[in-house]
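Step one of this worksheet: look at the structure below.
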Amino acid sequence: MKSSEIRQNFLEFFESHGHTIVASSPLVPGNDPTLLFTNAGMVQFKDVFLGLDKRPYMRAASSQRCVRAGGKHNDLENVGYTARHHTFFEMLGNFSFGDYFKRNAIQYAWEFLTKILSIPREKLWVTVYAEDDEAADIWLNEIGIDPARFVRIATMDNFWQMGDTGPCGPCSEIFYDHGPEVAGGPPGSVDADGDRYIEIWNLVFMQYNRDTSGTLHPLPKPSVDTGMGLERISAVMQGVHSNYEIDLFQDLIKAAARETQTHDLSNNSLKVIADHIRACAFLITDGVIPGNEGRGYVLRRIIRRAIRHGYRLEQKTPFFHRLVDDLAKVMGQAYPELVAAKNRVASVLKQEEERFAETLENGMQVLEAALREQSGTLAGETVFRLYDTFGFPVDLTADIARERGINIDLAGFEKAMTDQRERARAAGKFTMQGGIEYHGIPTEFYGYDSLQQEGSILAIYKQG
Ligand code: ATP
Ligand code: MG
Ligand code: MG
Ligand code: MG
């Protein structure tokens with residue numbers, strides 16, 4: 001079953017159960033300036049759950065595009081290392097706004113997985129929050145799940161909250177067992193972090209309101225919020241153990257191989273590039289522009305990581321932007337906004353590629369030399385120099401070092417950064433917070449001009 005068919009089946013199933021199908025909202029949340037990116041299906045319904053917004057429906061279902069990079073949920077560091085995490089993914093979700101609660105939510109999920117998708121029940125594991133006897137009873141006595149594949153979890157992994165206060169409640173998660181050929185232990189075990197037992201669906205039961213003193217008050221109308229990763233359920237349905245082996249990723253990996261002249265399709269860098277083109281293209285589609293702060297800097301960091309993986313495959317000229325067309329072929333039907341924006345997306349990426357190409361090679365030489373000399377930890381000074389002079393975001397340097405089993409001295413980096421700010425201040429110059437603008441080929445930091453316009457800072461560099 002293709003990913004697109006699973007998406008379709010999901011929405012149709014919930015529509016047949018009285019849910020209104022709601023389109024994915026953009027990756028930049030319209031209703032929450034504190035949230036970096038839309039990272040779950042519930043984001044666009046946040047105010048509905050809080051009772052601040054009313055909709056003409058009490059049940060909804062969606063396929064929501066999500067990004068988990070930067071911010072509270074950050075899976076960037078997992079990409080290239082697990083079979084199941086992406087920076088960009090699609091979350092299938094069904095929602096009840098004070099309508100049905102645990103019983104229906106569990107029944108729907110079980111019916112969809114075991115009847116519509118025909119997944120053998122022996123392959124599924126279920127967790128509930130340790131104290132949630134109500135959910136446990138439904139699973140064990142109504143659904144009849146085998147207690148051998150049922151786990152009560154006492155950690156916050158199975159208790160969801162929107163923030164320190166506000167709606168919260170227990171979760172019940174459904175896992176798929178990919179079999180003994182994959183490493184990892186069952187949910188709740190010490191080695192649960194492997195790729196054998198993969199969490200596919202999270203059912204959140206919003207049941208309480210937490211007040212400022214931490215006390216939980218029952219909500220008059222409990223609600224349901226669920227999320228299932230489309231790529232993970234696609235891997236299950238396509239009989240593969242890694243998300244990167246599903247249909248839509250295979251097309252992107254082949255495209256990345258073509259653009260980098262790579263013959264070995266199992267090369268890890270191709271997976272990272274395939275992941276990153278999705279995140280970058282959709283972020284730009286949704287209005288994010290590479291920059292030095294906030295969302296723009298997260299985007300820039302992802303783009304630079306992708307370019308560096310190209311470099312790792314000996315692809316030294318711009319290639320990344322050429323994948324936008326391939327992505328539009330794979331995902332354009334579900335996301336027409338991507339097709340509409342694709343020329344703009346490609347040109348933004350190309351510009352960013354050309355820009356980083358000017359410093360990447362020299363930066364890599366500096367870094368390679370430092371990594372050869374150092375074992376264990378990379379000096380903060382080097383990390384800072386790469387950041388400041390060559391435009392290497394800290395996480396990029398850390399990722400390259402991690403490939404050699406080397407850590408970076410983050411405290412040392414921060415000190416070098418503070419020292420420089422102080423030098424700039426002492427010299428009577430203004431300095432900016434956060435990322436530092438750089439302009440091309442090896443430059444030596446010279447200080448910032450005081451000319452600071454609305455939202456833009458003119459950085460002055462002495463050419464090296
Ligand atoms: P995990 O424990 O595997 O990191 P999670 O508990 O953080 O997942 P949830 O916040 O419960 O994930 O999100 C709901 C569903 O979205 C998950 O059950 C999973 O199927 C999917 N999902 C979460 N994060 C990712 C990701 N980075 N890439 C792909 N799918 C994801
Ligand atoms: Mg997670
Ligand atoms: Mg989890
Ligand atoms: Mg979860």
Side-chain angles (χ1 to χ4, degrees), residues 10 27 35-43 45 49 62-95 102 105-106 108-110 112-113 124-132 135 139 149-163 167-178 182 184-207 223-233 235-236 242-244 275 278-279 298 302 395:
F10 180 90
L27 289 169
L35 188 63
L36 207 51
F37 301 120
T38 299
N39 56 17
M42 62 78 62
V43 169
F45 302 115
F49 286 120
S62 67
S63 175
Q64 175 67 51
R65 54 185 184 272
C66 297
V67 163
R68 291 193 177 182
K72 197 173 129 211
H73 283 281
N74 183 9
D75 284 331
L76 185 54
E77 308 311 322
N78 286 325
V79 174
Y81 295 91
T82 77
R84 64 192 194 280
H85 288 102
H86 305 298
T87 52
F88 172 97
F89 64 100
E90 288 178 80
M91 197 186 282
L92 304 169
N94 57 291
F95 309 90
K102 289 179 195 178
I106 290 172
Y108 288 148
W110 194 250
F112 183 71
L113 294 175
L124 298 169
W125 283 61
V126 168
T127 68
V128 296
Y129 186 54
E131 291 162 29
D132 192 356
W139 278 117
R149 290 188 301 278
F150 178 80
V151 191
R152 286 176 184 256
I153 306 253
T155 65
M156 289 309 270
D157 267 352
N158 279 62
F159 194 90
W160 178 89
Q161 43 194 44
M162 203 179 274
C168 56
C171 334
S172 180
E173 296 192 321
I174 305 172
F175 289 71
Y176 180 83
D177 178 3
H178 279 268
V182 185
S189 70
V190 278
D191 54 347
D193 198 30
D195 282 324
R196 174 170 172 181
Y197 299 86
I198 290 189
E199 177 190 327
I200 51 175
W201 203 342
N202 188 0
L203 317 178
V204 179
F205 308 125
M206 279 183 222
Q207 182 165 10
S223 291
V224 172
D225 151 32
T226 87
M228 172 158 66
L230 175 63
E231 299 76 6
R232 293 187 189 185
I233 189 66
V236 170
S242 160
N243 287 5
Y244 292 97
D275 172 88
R278 300 207 313 159
V298 177
I302 304 173
D395 65 293

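Just follow the structure's listing: the first ligand is 1, and inside any ligand the first atom is 1.
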Step through it carefully: locate the ring centre of Tyr197, locate the ring centre of Phe175, and say whether they are under 6.0 Å apart. no

Salt-bridge contact Asp275-Arg68 (side-chain N to carboxylate O under 4.0 Å): no

Rounded to the nearest 0.5 Å, what separates atom CG in Asn202 from atom CG in Asn158? 7.5 Å

Using 2.8 Å as a strict upper limit, say whether an N, O or S atom of Asp157 approaches the Mg ion (ligand 3) that closely. no

The Mg ion (ligand 4) to Glu199: nearest N/O/S atom name: OE2

Write the atom name of the N, O or S atom in Glu173 that is nearest the Mg ion (ligand 4). OE2

On the 0 to 90° scale, with breaks at 30° and 60°, tag the Phe45-Phe95 ring pair as parallel, tilted or perpendicular. tilted

